[in-house]
Each structure stands twice: as C-alpha cells, then as structure tokens.
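Here is how names work: the chains are called A, B, and so on, in the same order as the sequence lines, proteins then strands, and each is numbered from 1. Note: hydrogens, waters and symmetry copies are ignored here, and every other heavy atom, side chains too, is used.
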There are 2 protein chains.
Amino acid sequence: MLRISKLTDYGIVIATHLASCGGPHPVSDLSAETEIPAPTVAKVLKALARAEVVTSQRGARGGYQLAHRPEDISVVRVIEALEGPIAVTECVDDESVCSHEARCNVRANWQRINDAVYAALDGIKLSDMAEPGGARLVQLVRSAGEANRARIGV
Amino acid sequence: MLRISKLTDYGIVIATHLASCGGPHPVSDLSAETEIPAPTVAKVLKALARAEVVTSQRGARGGYQLAHRPEDISVVRVIEALEGPIAVTECVDDESVCSHEARCNVRANWQRINDAVYAALDGIKLSDMAEPGGARLVQLVRSAGEANRARIGV
DNA sequence: ATAAAGAGGACCAATCTAGTCTCGATTGCT
DNA sequence: AGCAATCGAGACTAGATTGGTCCTCTTTAT
C-alpha cells in the first residue's frame, strides 16, 4: 500500500500525455488517447486546472494544456493538486489532532520521513515520465538508494 | 495525502516503544504507555507477529518483544506488515489490471518511483525513530534531498 | 445564433478503515 | 490440577473515502 489514489494515477497519465503533445486538447480527445472515461478525465483536469498545473481554454477549439514546461512540473505538483499536501501521517498534516504530543518522540521523525518521500517525488518531472526509457529516472533512483546505504553504512 | 493508515502509524509508535525497552510487554502495558486502546494495540501486534517483526510469548508473564535489533528493522518492515507491499499505484502491485500496458510509458517509471520511495523508507530504522533528536535522520533526509537536487541540476 | 468546449457541484454505489468483541489456545504460578 | 494471564484468529459494524457519473450553467469561436 502507501498508495496514491486512482484519480491521481490518472492525473499523472494525463499530464504526461499533455507533456508529449503541444496544443489545447479537449477532454474527448484525451479520453480516447488514454482510454480513461471522459467524465473522469474531466474531473481530474478540473482539479489540475484549479491547482494551475494545466490551463484551460473554454469554448469551441478549447481544451487543456500544461501551464508550465514539462521539466518544470514534478509529480508532486500533480499529487498535491489531486490529494492535498503530502502527509504520510495525520500528525504531519494536522498537529492539533495528536494528543500524545508531549511524549511522542516519533512525531518529529515522521516529519522528516515525510520530507524524504517528498524530496524523492519532487525530483521526478513530467518530462521524465514522458521519456519511455526513463534514463534519468534510473540514475535518480539509484543515487537515492546509494545515499541511504552510505549513511547506514551498509 | 499519500498517507499510511492509522493502524500503521500505531504500528510504528508501538514498535518504536518496544525498541526502547527490552523484555516482553503485554498488550495492557503497551496500551497504557502509548495511550492507544488495548484492542487496537492487540490487532496491530498480531499483524506484526505474523510478519515476524515482533515475537510473542503466550501465557502469564508473556507479551511481545522485537524479533530483531532495532537497528535491523526498518519502517518499511512495519508498513509492509500492516498494509502489504509498498505499491504506489495499482500497476506496480498487480500488473494484470492494467489494460493500457502496451501504450503506457508511465508504467515502467512508476515502478522506479516506487523504488525511490521504498529506498527512502527502508533507510530509516526503528532505532532512528526511538532517538528523540533524530540526528541521523536529519542527515539522511538532507542527503536524499541533495542527491535529487544534484541530479536535477538545481 | 449555434455548437463546442470547460466550471462547478450534486449524487450514488462500492470499497476500505478503525475499532470492538467473542471465543479458543497456551503457559506460568500456586 | 486449576486458575489467571496472555496471545491468536477472525467476525462484525459504523463511518469515511473513493471512483465514477450526471446535470446545469458559462464561455467562446465561427
């Protein structure tokens, strides 16, 4: 688990698709190209538009396109647009709910774990996702693993 | 979001607690010490026992203790015990459900993202969580962030 | 004017989650 | 041997979340 929602998955797929072709794409086209049902595509894109990941053009010949260059949009942007801020635990998201505060050593550490996950996802851009081989990604993941292993002394 | 479940959060808290004190702890004690309701503590520990993160001792004077040294148990072990394998998307978890396979550039890349998240979490051990200041964690997170930034060229 | 688009939000079914409870199996102590 | 303390397995419920659809209104190119 530790899963992103299906809608977010769709969001990445759609955004990645937009990253590879330029002009405004109407929902109907995107639905056909990604094989995701049109109402769902529409729902996802409305959320992405609100978060300014994509821009919309109404009316005939309108549609959606990315609001920035693919290499300037990380997957975190998309995830946060559809699910709210990255917060691995409730503690991280909303400090008030934790009644254990005083005695909870764990809490401060969760915040750091959260940062680690955020950093990992923020390093991955839509342009990486669009690239089939994902050459840069391979490097990225390998280096993250090595950084950890070095610290741990494995 | 991208959240672990509450039960998993409890699992980490309980496991961290076990990491700081030795002998077998009955559920009743752990419940009192962590302020988590006893039936819930029991549920979590049963799952952790099945995954061999903790060992159990039945009968009077029984209880739970860690199955390995705290520095040999990563948070991933606990998360996977309670939620199943880390799988950021359905694709990563179960390849059969994805009808887009052929045309889905994104899929292989999700696998890599998944690996990155896994690596980030696997580097964090229970002994790190038990440490209040979390000195080693600070280093860990910082280095992960730097590794990313270096790659990206920011 | 008309048709092609998106915006906003209501709505429902299905699934997942948290939490409790019951009953049975072990085990140490007296 | 008997008792009390503990864990093991799993059923069960209420509530929250998610995925997906649909309807109505606004905007805009032709």
Separation of atom [atom1] in [X] from atom [atom2] in [N], rounded to whole Å:
X	N	atom1	atom2	result
Arg58(B)	dA4(D)	CZ	C1'	15 Å
Ile14(B)	dG19(C)	CD1	C1'	13 Å
Lys43(A)	dA5(C)	NZ	C1'	20 Å
His25(A)	dA4(C)	NE2	C1'	17 Å
Leu82(A)	dT18(D)	CG	P	12 Å
Leu45(A)	dG20(D)	CG	P	15 Å
Arg61(B)	dT26(C)	CZ	C1'	16 Å
Ile4(B)	dC16(C)	CD1	C1'	16 Å

Comparing Ser5(B) and Gln57(B) on DNA chain C - which has the more 5′ nearest nucleotide:
Ser5(B)

Among [options], which nucleotide sits nearest the side chain of [X]?
X	options	result
Ser56(A)	dG19(C), dA7(C), dG20(D)	dA7(C)
Tyr64(B)	dC29(C), dG19(C), dC7(D)	dC7(D)
Ala60(B)	dA5(D), dG20(D), dA7(C)	dA5(D)

Has the side chain of Lys46(A) got a donor or acceptor atom sitting under 3.5 Å from an opposite partner on the base of dG8(C)?
yes

Would you check if the side chain of Asp128(B) reaches a backbone N or O of Lys125(B) as a donor-acceptor pair within less than 3.5 Å?
yes

So, is [X] close to the [N] phosphate, meaning a side-chain N or O under 4.0 Å from OP1 or OP2?
X	N	result
Arg50(B)	dA9(D)	yes
Thr40(B)	dT20(C)	yes
Tyr10(A)	dG20(D)	yes

With a 4.5 Å heavy-atom cut-off, do Thr89(A) and Arg3(B) have their side chains touching?
no

Would you give me the side-chain donor-acceptor pairs under 3.5 Å for residues 64-76 of chain A, sequence neighbours excluded?
unit_1, atom_1, unit_2, atom_2, d
Arg69(A), NE, Asp72(A), OD2, 3.1
Arg69(A), NH2, Asp72(A), OD2, 2.9
Ser74(A), OG, Val76(A), N, 3.3
Ser74(A), OG, Asp122(A), OD1, 2.8

Any idea which heavy atoms bring Ala15(B) and Leu126(B) closest together, and the distance?
CB-CD1, 3.8 Å

Name the one of Val41(B), Val13(B), Ile36(B) that satisfies side chain to side chain contact (heavy atoms under 4.5 Å, CB included) with Leu30(B)?
Val41(B)

